[in-house]
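Reviewing the structure listed below.
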Amino acid sequence: VQVVESGGGLVQAGGSLRLSCTASGRGFNDTAMGWFRQGSEKEREIVSCINWSGGSSFYRDSVKGRFTISRDNAKNTVYLQMDRLKPEDTAMYYCASVGEFYDGGRYHCIQYQYTDWGQGTQVTVSS
């Protein structure tokens with residue numbers, strides 16, 4: 001699955017952005033997808049992910065209640081609605097297909113060892 005991310009930009013703290021990730025290639029409708037981010041001098045981290053149907057999702061603790069992941073399989077697109085943005089959300093955001101598992105009934109996802117990353121979309125939140 002190849003992806004193109006868009007929707008990033010510069011926003012003030014408390015503002016909102018909606019990121020889009022459009023995929024090409026076979027298998028999107030059967031694949032869990034995730035959003036990752038990498039800030040300056042930081043390691044890439046997973047932000048959120050969603051299963052193939054949209055029925056299960058995961059959020060890292062720092063974005064719970066502020067970010068919402070969704071997908072439209074008819075459009076081969078995954079979205080990340082980001083509200084109440086904070087300066088610490090500043091990063092390059094990427095999407096990619098991910099592995100997934102359940103632990104005690106909770107949905108989780110993991111980065112594949114070999115991930116074909118897109119160019120990402122920059123999100124900058126000013127204070």
Side-chain angles (χ1 to χ4, degrees):
V1 176
Q2 291 77 46
V3 300
V4 176
E5 302 94 340
S6 62
L10 173 64
V11 64
Q12 289 187 332
S16 298
L17 285 172
R18 188 194 195 201
L19 305 185
S20 297
C21 167
T22 301
S24 59
R26 295 183 176 181
F28 176 83
N29 288 0
D30 301 321
T31 301
M33 296 293 294
W35 282 98
F36 297 78
R37 67 186 179 188
Q38 186 168 19
S40 178
E41 300 181 359
K42 295 182 180 179
E43 293 188 355
R44 199 185 320 248
E45 62 184 18
I46 192 158
V47 176
S48 180
C49 59
I50 189 168
N51 76 332
W52 72 273
S53 69
S56 296
S57 59
F58 164 87
Y59 299 92
R60 69 181 302 108
D61 286 346
S62 60
V63 307
K64 283 181 180 178
R66 300 189 297 121
F67 290 10
T68 303
I69 193 170
S70 62
R71 66 190 295 162
D72 185 340
N73 286 345
K75 296 182 178 179
N76 277 19
T77 301
V78 180
Y79 304 99
L80 187 67
Q81 177 67 42
M82 306 188 296
D83 298 318
R84 303 198 303 279
L85 282 160
K86 302 176 180 180
E88 50 263 45
D89 295 317
T90 295
M92 185 71 80
Y93 283 71
Y94 303 87
C95 74
S97 58
V98 294
E100 56 187 340
F101 64 96
Y102 288 87
D103 180 15
R106 292 188 62 186
Y107 180 74
H108 297 271
C109 48
I110 57 174
Q111 176 185 327
Y112 286 127
Q113 182 177 5
Y114 299 106
T115 296
D116 189 9
W117 298 105
Q119 85 288 350
T121 186
Q122 177 68 39
V123 171
T124 303
V125 184
S126 62
S127 56

Donor-acceptor check, side chain of [X] to backbone of [Y], threshold 3.5 angstrom: yes or no?
| X | Y | result |
| --- | --- | --- |
| Asp83 | Phe67 | no |
| Arg66 | Gln81 | no |
| Thr121 | Tyr93 | no |
| Ser53 | Gly55 | yes |
| Tyr94 | Gln38 | no |

Rounded distance (nearest 0.5 Å) linking atom [atom1] of [X] with atom [atom2] of [Y]:
| X | Y | atom1 | atom2 | result |
| --- | --- | --- | --- | --- |
| Trp35 | Ile50 | CH2 | CD1 | 12.0 Å |
| Cys49 | His108 | SG | NE2 | 9.0 Å |
| Met33 | Asn76 | CE | CG | 9.0 Å |
| Arg37 | Glu43 | CZ | CD | 14.0 Å |
| Tyr79 | Cys95 | OH | SG | 12.0 Å |
| Arg84 | Asp89 | CZ | CG | 11.0 Å |

On a heavy-atom basis, which atom in [X] and which in [Y] lie closest, and how many Å separate them?
| X | Y | answer |
| --- | --- | --- |
| Phe58 | Cys109 | CD2-SG, 4.3 Å |
| Asn51 | Arg71 | O-NH1, 2.9 Å |
| Tyr59 | Ser57 | CE1-OG, 3.6 Å |
| Met82 | Val123 | CE-CG2, 3.7 Å |
| Val47 | Val63 | O-CG2, 3.9 Å |

Quick check: do [X] and [Y] have side-chain heavy atoms less than 4.5 Å from each other?
| X | Y | result |
| --- | --- | --- |
| Val3 | Glu5 | yes |
| Phe36 | Val98 | yes |
| Val125 | Lys86 | no |

Identify all side-chain donor-acceptor contacts of residues 99-106 below 3.5 Å with residues at least two apart in sequence or on another chain.
unit_1	atom_1	unit_2	atom_2	d
Glu100	OE1	Tyr107	OH	2.6
Tyr102	OH	Ser56	OG	2.8

Is NZ or CZ of Arg44 both nearer than 6.0 Å to the six-membered ring centre of Trp117 and within 45° of the ring axis? yes

Extract all donor-acceptor atom pairs below 3.5 Å that involve side chains of residues 17-32 and protein atoms in other chains or at least two apart in sequence.
unit_1	atom_1	unit_2	atom_2	d
Thr22	OG1	Thr77	OG1	3.4
Thr31	OG1	Gly27	O	2.5

If the condition is side chain to side chain donor-acceptor pair (under 3.5 Å), which residues does Ser6 pass it with, not counting sequence neighbours? none

